[in-house]
Each structure stands twice: as C-alpha cells, then as structure tokens.
Amino acid sequence: MPFGRAISMVLLIARHNLSQQVAADLYGLSQPTVSRIWRYLLALIGQVTAMDRQHLAQALQAGVVLIDGTPIPTGNRAGTGTTNFNGKHRKQALNIQVAARLNGALVAVSVPVRGSRHDSRALEEVGWAAQITAARAGNELLAVFADTAYVKHTKLTPRPKKKDVPRTAADKEWNRKIASMRAPVERTVAHLKQWKILSTGYRGRLTELPSVIHMVTNLEFYRQTT
C-alpha cells in the first residue's frame, strides 16, 4: 500500500471513528492488515507532528488560561466496570483535561485518567495543578478560568447557588462574566471532538488510547499553525 494512501486511511479512521473492517473494505485490504498499518502509523504521525506541539507551561507564562475537562467515551467494557464509569455522563469513559487561550486556540491536552475521577482530582493526577501553583508563585497576574469543579485550584469559577437562597444580582453578573470568559475553551473541546474517535465511542485497546489522543492533539496544533 502506498505510504500516502496508508496515512489517509489512518486519518480517515480517526476522523470518522470507522471500524477497521469498514476501512479494510474501503481500501481493499484485510482487517489484520489495517490493524498493523494503524498501530505502526499511529505513533509515527504523533511523532512527526510533535514539532508543532505546545505545552501548558508556555501558556501559563502568558498570563491567562482556560481549563475544562471532558470524557472520552470507551463503550461498556467488562474489564473496567466502575473504574472508568463517569457518573456525570452515565457512561464508561476516560477523562482528559483541555487548556485553551482566550482566542480559543488549543494550548494543551492532558494524558487520560480513569473516567470516575472528578475534574479537580484529574487536574492533580495529570500534574497540571502543580504546574499552575508553580506558575502562580512567579506570576501574581496569572488568571485561570474554569467551571465549579475547579474551585480548589482557582477562584475564577462560577459562584454556586446556595440551597433555598436566591442568587444575588452580583452573583448573576459574575457568573455571566465567567461564562463569557470560559466560552472559548468549550469551543476548543468541540473542535477536538470533531475527531469522532474521541467523541462517538473509542472501540480499540485502552492501552492505545493515549497514543490516539497524542496524535489528534498534535494534528490540531498542526492545523492551527498552517
């Protein structure tokens, strides 16, 4: 199979979350051959596009970062059970953290953690909480905007409603401003999940999912720089 055609097949699988058997039928190959090509080129594409990769530490130096967590559905797997069950979304998934700039440009995507993890705990497990703390110590003007799941790590979150107590006008105005500031990271997550392999149910080996996320993240950075 020509190298360029093999690359296009791998990207098609990732973009539309095609099963390997469907890809085999489209390209006139056997499913085992598609599987071998997929595993070989998955890491290669991630490495080649890594030159355009940015990191959270670079964005923290700029002063303003937007953070949000999102699940990567994995389908129901007997081997993982409640370990990866995301109670909020009511499905098995792995959790990733996404960082963006005010203009919606992707900054960083974390390694995945188990889907049962709360976003605040996930931020700590992937090492981002420590990076934010270290950056804040050297830059008092650093602003990290997030939703209420991250109140432990930043004060720039919406103010939760207290039971049986109406929201004040000041709280409503504050929440509107925070929501407006956080909107770009929601769009960033939406762009990332246009790669259907991250949004419609990953069906491959869970051990390969970090490599898939790495490849898709690097391709998104590559898209932003071209």
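Because the structure is a prediction, the values reported are computed rather than measured. We use all heavy atoms of the structure for the numbers below, so side chains are in, but hydrogens, waters and symmetry mates are not.
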query = Where the side chain of Asp68 meets the backbone of Val98, is there a donor-acceptor pair that is under 3.5 Å apart?
reply = no
| Within-4.5 Å side-chain heavy-atom neighbours: Pro112 and Pro210 | yes
Does any non-hydrogen side-chain atom of His153 lie less than 4.5 Å from one of Ser120? yes
Quiz prompt | Backbone of Ile45 reached by a side-chain donor or acceptor of Asn218 within 3.5 Å | solution = no
Distance col, row Glu208:CD vs Ile213:CD1, nearest 0.5 angstrom, shows 12.0 Å
Taking every heavy atom of Thr188 against every heavy atom of Gly104, the minimum-distance pair comes out as OG1-O, 2.7 Å
Backbone N or O of Leu29 within a donor-acceptor pair of the Thr33 side chain at under 3.5 Å? no
d(Arg167 CZ, Asn175 CG) to nearest 0.5 Å is 5.0 Å
**Request:** For side-chain hydrogen bond (donor to acceptor under 3.5 Å, both in side chains), just list the numbers for Gln21 and Gln31, CA-CA rounded to whole Å, side-chain angles, deciding distance to a tenth of an Å, and then say yes or no.
**Result:** CA-CA 5 Å; Gln21 185 59 60; Gln31 184 274 325; over 6 Å; no
So if you build clusters from Ile, Leu, Val, Met, Phe, Trp, Tyr with side-chain heavy-atom gaps below 4.5 Å, do Trp128 and Phe145 land together?
-> no
Donor-acceptor under 3.5 Å (Ser211 side chain, Ala43 main chain)
no
Quiz item: Is there side-chain contact between Leu11 and Ser8, with heavy atoms separated by less than 4.5 Å?
Solution: no
ask   = Is there a donor-acceptor contact under 3.5 Å from the side chain of Asn17 to the main chain of Gly201?
value = yes
(request) Could you go through the side chain to side chain contact (heavy atoms under 4.5 Å, CB included) check for Lys196 and Arg15 one step at a time? (result) CA-CA 5 Å; Lys196 299 303 181 183; Arg15 190 68 174 180; over 6 Å; no
Subject >> Pair Val65-Arg101, side chain to side chain contact (heavy atoms under 4.5 Å, CB included): steps then yes or no >> reply: CA-CA 5 Å; Val65 175; Arg101 299 185 189 277; over 6 Å; no
Requested in this report: Indicate yes or no: at least one non-hydrogen side-chain atom of Ile13 is less than 4.5 angstrom from one of Val10.
Outcome: no
For this session: Give a yes or no on whether the backbone of Thr157 and the side-chain of Trp174 come within a donor-acceptor separation of less than 3.5 Å.
Result: yes
Q.
Check this for me: does any side-chain nitrogen of one of Lys152 and Glu124 sit under 4.0 Å from a carboxylate oxygen of the other?
A. yes
Note: Ser199 and Pro73 closest approach over all heavy atoms is O-CG, 3.6 Å
Are any of the side-chain heavy atoms of Gln20 and Arg203 separated by less than 4.5 Å? no
hydrophobic_cluster_shared for Trp38 and Phe3, side chain cutoff 4.5 Å: yes
**Q.** Cluster link Val48 to Leu12, ILVMFWY, side chain under 4.5 Å
**A.** yes
- Query: Do we see a donor-acceptor contact under 3.5 Å between the side chains of Ser180 and Arg176?
  - Reply: no
Original post:
Do Leu142 and Leu60 come within less than 4.5 Å of each other through their side chains, counting heavy atoms only?
Top reply: yes
Per side chain to side chain contact (heavy atoms under 4.5 Å, CB included), Ile67 is matched among Asp119, Val107, Ile132 by Ile132
Among side-chain atoms of Asn86 and Asn95, is any donor-acceptor pair under 3.5 angstrom?
no
Between Tyr27 and Val34, is there a shared hydrophobic cluster once you connect ILVMFWY residues whose side-chain heavy atoms come closer than 4.5 Å?
yes
Interatomic distance, CD1@Ile178 vs OG1@Thr154, rounded to 0.5 Å, equals 8.0 Å
Minimal heavy-atom distance between Ala23 and Met9, with the atoms involved, is CB-CG, 4.4 Å
Here the gap from Thr70 atom OG1 to Leu198 atom CG, rounded to the nearest 0.5 Å, amounts to 9.0 Å
Arg114 and Leu94 have their tightest heavy-atom pair at CA-CD2, 4.0 Å
Lys177 atom NZ, neighbour heavy-atom count above 12 within 6.0 Å:
no
Rounded to the nearest 0.5 angstrom, the CD1-CG distance for Ile197 and Leu209 is 8.0 Å
Quiz item: So do His118 and Tyr150 actually touch side chain to side chain, heavy atoms under 4.5 Å?
Solution: no
Donor-acceptor pair, side chain of His16 and main chain of Leu18, under 3.5 angstrom | no
- prompt: Do Val126 and Leu66 sit in the same hydrophobic cluster, where Ile, Leu, Val, Met, Phe, Trp and Tyr count as joined when their side-chain heavy atoms come under 4.5 Å apart?
  reply: no
Glu220 side chain to Leu106 backbone, donor-acceptor under 3.5 Å = no
task = Decide side chain to side chain contact (heavy atoms under 4.5 Å, CB included) for Leu123 and Gln131; before the verdict, give the C-alpha distance in whole Å, the side-chain angles of both, and the deciding distance to 0.1 Å.
result = CA-CA 10 Å; Leu123 196 75; Gln131 290 188 53; over 6 Å; no
Can any side-chain N or O of Ser116 pair as donor or acceptor with the backbone N or O of Phe85 at less than 3.5 Å?
-> no
So CG of Asn84 and NZ of Lys91: to nearest 0.5 Å the spacing works out to 13.0 Å
Residues Met215 and Ala14: closest non-hydrogen pair is CE-CB, 3.9 Å
